[in-house]
Amino acid sequence: MAEIGVYMHTYLGEHWALVFGALCMAFFIAAFVDSIAGGGGFISTPSLLLAGIPPHLALGTNKCIVIFGTAVASANFIAHGKILWRIVAIGVVCASVGAYIGSEVVVATKESTLKSVILILLPLSALLALIPRKFHAGRSDFSHTETFIIAPLLTLSIGFYDGYFGPGTGSFLIFGFYLVLGMDLLYASGNAKLINLGSGIGSLIAFILNGSVLYLLALPLIVCNMLGGYIGSKLALKKGVGFVRAMVIAVFALMFVSLIVQYRADLYATIQALYQRF
């Protein structure tokens, strides 16, 4: 127990017990809202950064945690037969490769630069992933060009994003399948979950090989994350989706402002360096 306390104190600071409790709550809420309305990554990733964990370790540890919730959701879609296996098989390979490359790029990026990149990517990805959209009926049959060229390019690029940053990946895959391929929304959701699982594994392998996962912290948060996802999916809220999405945006906005305050020195230094260069 003493060793665990020292470990937590090293990464979470003097008041590590309070910070750890807040992280447990954050990952429970992230999985809960993600299973209903999506956008859970905009809570889980900033929560680790706000806890004071360095960006490389925060991204790697977050990937280790949320991949289990993705696996549970994937199994649910498989059970209901909402998978296009040919596209999924190709997409998993391409997304995994893209995610591995993206994670290697993250590990090679300087911490101060990565903090600034995160502050830029967070609001942009949140805006794209969380804005409401109107959907129409889609299809589930695709040409060879769509299956073997367009889908691989789409999943490779989104997989790279997943490995480099992550939040909103599932939403981007769904919207990509729906908008680019015209795929039926239910099939798009099912395919996105499995491909997101594949990209998550590819990304996690890169983080593990580079020692960027805090396993002792991740294990209890995995339990909280899976519990939140299980309860959220069981409730299957339909009328409450709008409220939950609004809650995600509100929590994200609060965390984003806090991150700006926390990373302001690195952000200012990066802006100055860019200004001097151009």
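Worth knowing before you read on, the calculation uses all heavy atoms, side chains too, and leaves out hydrogens, waters and symmetry mates.
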Query raised in the report: Taking all non-hydrogen atoms of both residues, which atom of A51 and which atom of L12 are closest, and how far apart?
Result: CB-CD2, 4.1 Å
Report summary line: Here the pair of heavy atoms bringing G211 nearest to L57 is O-CD2, 3.8 Å
Query raised in the report: Under 4.5 Å between any side-chain heavy atoms of F177 and L84, yes or no?
Result: no
Report summary line: For S103, the side chain to side chain donor-acceptor pair (under 3.5 Å) test, sequence neighbours excluded, returns S203
Query raised in the report: Are the side chain of T61 and the backbone of A218 linked by a donor-acceptor contact shorter than 3.5 Å?
Result: no
Query raised in the report: Ignoring hydrogens and geometry, is there a side-chain-to-backbone donor-acceptor pair from H56 to V106 under 3.5 Å?
Result: yes
I'd like a table of donor-acceptor pairs (distance under 3.5 Å, sequence neighbours excluded) in which one partner is a side-chain atom from residues 64-72, with atom names and distances.
residue	atom	partner	partner atom	Å
T70	OG1	V66	O	3.2

**Report entry** For P167 against G41, the heavy-atom pair lying closest together
**Finding:** CG-O, 3.6 Å
**Report entry** Nearest atoms (heavy-atom pairs only) where M183 meets Y178
**Finding:** O-CD1, 3.3 Å
**Report entry** Atom pair OG (S199) and NZ (K63), whose distance is rounded to the nearest 0.5 Å
**Finding:** 6.0 Å
Query raised in the report: Cut-off 3.5 Å, side chains only: do N196 and T169 have a donor facing an acceptor?
Result: no
Query raised in the report: Would V223 and L219 show up in the same hydrophobic cluster when neighbours are defined by side-chain heavy atoms closer than 4.5 Å?
Result: no
Report summary line: dist N62:CG -> F27:CZ (nearest 0.5 Å) comes out at 4.5 Å
Report summary line: So CG of D162 and CZ of F160: to nearest 0.5 Å the spacing works out to 11.5 Å
Query raised in the report: For the atom pair OG1 (T45) and CD1 (I118), what is the distance rounded to the nearest 0.5 Å?
Result: 8.0 Å
Query raised in the report: What residue among L114, L48, T109 forms side chain to side chain contact (heavy atoms under 4.5 Å, CB included) with P55?
Result: L114
Report task. Give the ring-plane orientation class for Y161 versus F165, where under 30° counts as parallel, over 60° as perpendicular and anything between as tilted. Result -> perpendicular
Query raised in the report: Sequence neighbours excluded, which residues qualify as side chain to side chain donor-acceptor pair (under 3.5 Å) partners of N225?
Result: none
